[in-house]
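Chain identifiers are assigned alphabetically (A, B, ...) following the order of the sequence lines, protein sequences preceding nucleic acid strands; residue numbering begins at 1 within each chain.
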There are 2 protein chains.
Amino acid sequence: MDKNNPSTYFELFNEIAIIQQLSRASLEEKLPNGFLQPHFAVLNHLIRVHDGRTPLEISKAFQVPKTTMTHTLSGLEKHGLIEMLPNPKDGRSKCVWLTDKGRAFRGESIEKLEDYITDIAEHFDLQKIATTLETLKELRIYLDENR
Amino acid sequence: MDKNNPSTYFELFNEIAIIQQLSRASLEEKLPNGFLQPHFAVLNHLIRVHDGRTPLEISKAFQVPKTTMTHTLSGLEKHGLIEMLPNPKDGRSKCVWLTDKGRAFRGESIEKLEDYITDIAEHFDLQKIATTLETLKELRIYLDENR
DNA sequence: TAAATATAGTGCGATTTCGAATCAATATAG
DNA sequence: CTATATTGATTCGAAATCGCACTATATTTA
């Protein structure tokens, strides 16, 4: 295979776009009406990396424009799943905190997804998926740094 | 690692969503104003799998709702990059054909992307990317069939 | 072959996404 | 210290996305 043939990368990005469509749709049909993948992803992120993050930090983590994140966060706040408090270290900024309701919502969502995920897990070698994940992480980091 | 721990899959879908954001943004900043990743992807698809496809076939290939594809195709048609003719085999349907202008546009877009892609290619082992692509293809097929 | 059901595509309306402009607060420079 | 530039967040408007309902054609069934 030609090292300089870019078609493998076009294909890769194409597959990624399709899987994103599929996984997003599957997730959203399991969430209550009015909740979208970005809502779930943000709650999840706040658990994984700890809450108290600023909107800008979160938007960078997902590589979405900050104005998009404003919209997503306001949806979460309207439903009482997060609280946005002033950032004590920077008067321009805010910190995003999970509420009990937000933690509960995230937990319930994960439960609803568990069957879906274990079903997939039964059909794939975990090591293979883990290796793929590692490669994608490296790629994501490179794309981010060389944007 | 626990075979039934779903966190690897959550992480995987998360990385996929981020890479999709990054690659889409990088692509779109290289396209002329008013053209988006879906436009490019459809033109590319029509070259790869041959044109004359129906809108429904194309929407399934990308796993987007058909109403979304209607919108994308009408954009391409308005710019004269595709033609939509009646499907001789089905009066309800249409066939999508590339115009010369569409082929040229796709070629120029690929040229503009080549530096971006070869830059990435220089930093990753092609075999590793190819393996990742294979796994993602399998995953996409599984997700599609078990939707 | 008529009636019932399913399928391909589109129009419409609600929501999401996101770039540009704006505002307030902070950091930097002179 | 003041003036200037930068940064975090929001508002606003335009466009994309997509579910629902609808039309026209095809397919199935009785």
Between protein and nucleotides 15-17 of chain C, what N or O pairs are separated by less than 3.5 Å?
residue	atom	partner	partner atom	Å
C:dT16	OP2	A:H71	NE2	3.3
C:dT17	OP1	A:R24	NH1	3.3
C:dT17	OP1	A:R24	NH2	2.9

For atom [atom1] of [X] and atom [atom2] of [N], their distance in whole Å:
X	N	atom1	atom2	result
B:I82	C:dG9	CD1	P	12 Å
B:F62	D:dC18	CZ	P	13 Å
A:E28	D:dG19	CD	C1'	12 Å
B:Q63	D:dG19	CD	P	13 Å
A:E29	D:dT17	CD	P	20 Å
A:L22	D:dT17	CG	C1'	16 Å
B:N33	C:dA20	CG	C1'	13 Å
A:I58	D:dG8	CD1	C1'	13 Å

Review point. With a 4.0 Å cut-off, would you call B:E11 and A:K137 a salt bridge?
Key: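 Salt bridge flag = yes for A:K137 with B:E11.
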Measure the shortest side-chain to side-chain distance between [X] and [Y] over non-hydrogen atoms and say whether it is less than 4.5 angstrom.
X	Y	value
B:Y9	A:L133	no
A:H79	A:F35	yes
A:M69	A:V42	yes
B:Y116	A:N146	no
A:L27	B:F13	no
A:T135	A:L139	no

Check your understanding: Are the side chain of B:Q63 and the backbone N or O of A:Q21 linked by a donor-acceptor pair below 3.5 Å?
Key ->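 Such a contact is absent between B:Q63 side chain and A:Q21 backbone.
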Check your understanding: Among the nucleotides D:dA9, C:dA25, C:dG9, which one has an atom lying closest to any side-chain atom of A:R92?
Key ->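 Comparing D:dA9, C:dA25, C:dG9 against the side chain of A:R92, the answer is C:dA25.
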Check your understanding: Which one, C:dT26, C:dG9, C:dA6, comes nearest to the side chain of A:D90?
Key ->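 That would be C:dT26.
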Strictly under 3.5 Å: I want the nitrogen or oxygen pairs between protein and nucleotides 10-12 of chain D, one per line.
residue	atom	partner	partner atom	Å
D:dT10	OP1	A:K94	NZ	2.7
D:dT10	OP2	A:T70	OG1	3.2

Exercise for review: Please test B:L43 against B:H39 for side-chain contact (heavy atoms from CB on, under 4.5 Å), starting from the C-alpha separation and ending with a verdict.
Suggested key: CA-CA 6 Å; B:L43 294 181; B:H39 297 125; 5.7 Å; no
Practice item. May I ask you to say what B:S74 touches in the nucleic acid, namely base, sugar-phosphate or nothing, with a heavy-atom cut-off under 4.0 Å? Key: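 Contact class for B:S74: none.
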Exercise for review: Hunt down the Watson-Crick or G-U wobble partner of C:dG30, both distances under 3.5 Å, from any strand shown, or write none.
Suggested key: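 Pairing partner, where one exists within any strand: D:dC1.
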